[in-house]
Amino acid sequence: MDPISELLQHNVDYGARHGVSHLPTEPGQRLAILTCMDSRLDLFGALGLSLGEAHIIRNAGGIATDDVVRSLILSQRKMGTERIMLIHHTHCGLHGLDEGQLREEITADTGVDAEMTFGSFRDPAENIRQTAARLASEPALRQVEIRGFLFDVDTGFLEEIDLP
Ligand SMILES: [Zn+2]
């Protein structure tokens with residue numbers, strides 16, 4: 001069976017166990033989490049989160065892009081979140097990525113100039129601080145508490161990163 005069909009089978013079981021719930025749209029912990037798309041990050045397990053408690057916004061690297069800002073504006077103004085957790089992690093695919101090489105690869109494959117930046121970084125802690133600084137300087141966002149963490153994908157522990 002192909003992977004997606006197998007997941008659909010799992011959903012039949014999930015729906016049967018799930019029952020009907022009517023959780024509010026507003027996250028119960030009034031929390032938004034920005035994190036990486038990495039497949040080893042299970043925030044529900046790692047943080048003891050339950051459904052309905054937090055917004056989880058994910059992209060490659062967990063960095064503050066324009067679209068993340070868009071999501072956070074909605075999260076804060078329309079769904080009442082009041083604090084932000086940034087969770088980056090060890091062994092990230094963006095750590096040390098050669099963006100120039102990736103752009104050349106895309107151009108060679110497609111003939112199109114890939115002018116975007118991909119968010120590669122050298123220092124995970126510095127990357128978290130930069131993400132926090134970008135969010136703190138966004139005028140459309142509320143000035144809420146932001147805390148930053150590095151998740152160790154080998155051990156499952158979070159380390160808090162001091163933000164200025
Ligand atoms: Zn990552």
Side-chain angles (χ1 to χ4, degrees), residues 1-11 14 27 31-47 49 51 54-79 81 83-144 146-164:
M1 195 185 295
D2 71 273
I4 292 178
S5 298
E6 200 172 321
L7 296 179
L8 292 176
Q9 286 290 315
H10 295 165
N11 177 253
Y14 178 77
L31 168 68
I33 301 173
L34 172 58
T35 192
C36 185
M37 67 184 186
D38 194 280
S39 65
R40 297 162 293 184
L41 272 171
D42 164 24
L43 294 189
F44 288 91
L47 302 175
L49 274 176
L51 290 181
H55 283 152
I56 300 177
I57 304 166
R58 300 184 76 151
N59 64 24
I63 58 178
T65 61
D66 289 347
D67 194 62
V68 164
V69 172
R70 178 187 69 89
S71 295
L72 285 171
I73 289 170
L74 292 165
S75 176
Q76 293 181 344
R77 293 185 180 272
K78 296 298 170 193
M79 288 163 273
T81 60
R83 54 190 66 86
I84 299 171
M85 270 181 100
L86 306 175
I87 302 181
H88 292 201
H89 66 97
T90 59
H91 308 304
C92 185
L94 282 169
H95 192 177
L97 174 82
D98 184 337
E99 296 210 13
Q101 189 185 52
L102 178 55
R103 276 190 286 273
E104 281 171 22
E105 189 183 310
I106 293 167
T107 304
D109 277 354
T110 67
V112 172
D113 271 341
E115 288 179 7
M116 69 181 76
T117 54
F118 292 95
S120 71
F121 61 90
R122 299 213 170 278
D123 178 348
E126 189 51 35
N127 194 39
I128 293 168
R129 289 189 198 101
Q130 280 178 10
T131 303
R134 162 86 200 270
L135 296 180
S137 69
E138 273 301 329
L141 287 177
R142 296 201 165 119
Q143 294 308 303
V144 298
I146 301 177
R147 290 174 68 179
F149 301 86
L150 186 66
F151 178 79
D152 186 323
V153 295
D154 294 323
T155 68
F157 286 110
L158 282 176
E159 174 197 350
E160 184 151 20
I161 302 298
D162 287 332
L163 302 176

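Everything numeric in this text was worked out from a predicted model, so none of it was measured. Atom set for the values below is all heavy atoms of this structure, side chains included, hydrogens, waters and symmetry mates excluded.
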So which heavy atom on [X] is nearest to which on [Y], and how close?
{"X": "Thr131", "Y": "Gly62", "answer": "CG2-O, 3.8 Å"}
{"X": "Leu41", "Y": "Cys36", "answer": "CD1-O, 3.8 Å"}
{"X": "Ala46", "Y": "Phe151", "answer": "CB-CE1, 3.8 Å"}
{"X": "Leu141", "Y": "Val69", "answer": "CD2-O, 4.1 Å"}
{"X": "Met116", "Y": "Glu99", "answer": "O-OE1, 4.4 Å"}
{"X": "Pro27", "Y": "Leu31", "answer": "CB-O, 4.2 Å"}

Atom [atom1] of [X] and atom [atom2] of [Y]: how far apart are they, to the nearest 0.5 Å?
{"X": "Glu104", "Y": "Asp113", "atom1": "CD", "atom2": "CG", "result": "11.0 Å"}
{"X": "Asn59", "Y": "Thr65", "atom1": "CG", "atom2": "OG1", "result": "5.0 Å"}
{"X": "Arg147", "Y": "Ile33", "atom1": "CZ", "atom2": "CD1", "result": "12.0 Å"}
{"X": "Phe118", "Y": "Leu102", "atom1": "CZ", "atom2": "CG", "result": "4.0 Å"}
{"X": "Ile63", "Y": "Leu86", "atom1": "CD1", "atom2": "CG", "result": "12.0 Å"}
{"X": "Leu150", "Y": "Glu160", "atom1": "CG", "atom2": "CD", "result": "11.5 Å"}

So does [Y] get a backbone contact from the side chain of [X], meaning a donor-acceptor N/O pair under 3.5 Å?
{"X": "Arg103", "Y": "Thr117", "result": "no"}
{"X": "Ser75", "Y": "Thr81", "result": "no"}
{"X": "Ser120", "Y": "His95", "result": "no"}

How about [X] and [Y]: do any of their side-chain heavy atoms sit closer than 4.5 Å?
{"X": "Asp154", "Y": "His91", "answer": "yes"}
{"X": "Asp123", "Y": "Phe121", "answer": "no"}
{"X": "Cys92", "Y": "Pro124", "answer": "no"}
{"X": "Gln76", "Y": "Ile84", "answer": "yes"}
{"X": "Leu158", "Y": "Leu47", "answer": "yes"}

* Asked: Should we say atom CG of Asp109 is surrounded by more than 12 heavy atoms from elsewhere, each under 6.0 Å from it?
  ->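 Check passes, neighbour count above 12.
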* **More than 12 heavy atoms of other groups within 6.0 Å of Met79 CE** =>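 Above 12, so yes.
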* Only pairs at least two apart or in different chains count here, so list each salt bridge (Lys or Arg N to Asp or Glu O under 4.0 Å) that has a residue in residues 57-69. =>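 Listed once each, the pairs are Asp66-Arg134, Asp67-Arg70.
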* To do: Step through it carefully: locate the ring centre of Phe149, locate the ring centre of His88, and say whether they are under 6.0 Å apart.
  =>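 No: the rings miss the under 6.0 Å criterion.
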* Asked: Which is it for Ile56 and Phe44 under the side chain to side chain contact (heavy atoms under 4.5 Å, CB included) test, yes or no, and what are the steps along the way?
  -> CA-CA 10 Å; Ile56 300 177; Phe44 288 91; 3.8 Å; yes
* **With Glu115 via salt bridge (Lys or Arg N to Asp or Glu O under 4.0 Å) - residues at least two apart** =>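 Residues passing salt bridge (Lys or Arg N to Asp or Glu O under 4.0 Å) with Glu115: none at all.
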* Would you check, one step at a time, whether the test side chain to side chain contact (heavy atoms under 4.5 Å, CB included) holds for Glu159 with Asp152? => CA-CA 8 Å; Glu159 174 197 350; Asp152 186 323; over 6 Å; no
* What's the verdict on side chain to side chain contact (heavy atoms under 4.5 Å, CB included) for Leu94 and Asn127, showing C-alpha distance, side-chain angles and the deciding distance? -> CA-CA 11 Å; Leu94 282 169; Asn127 194 39; over 6 Å; no
* What do the steps show when you test Val112 against Thr107 for side chain to side chain contact (heavy atoms under 4.5 Å, CB included), and what is the final call? -> CA-CA 5 Å; Val112 172; Thr107 304; over 6 Å; no
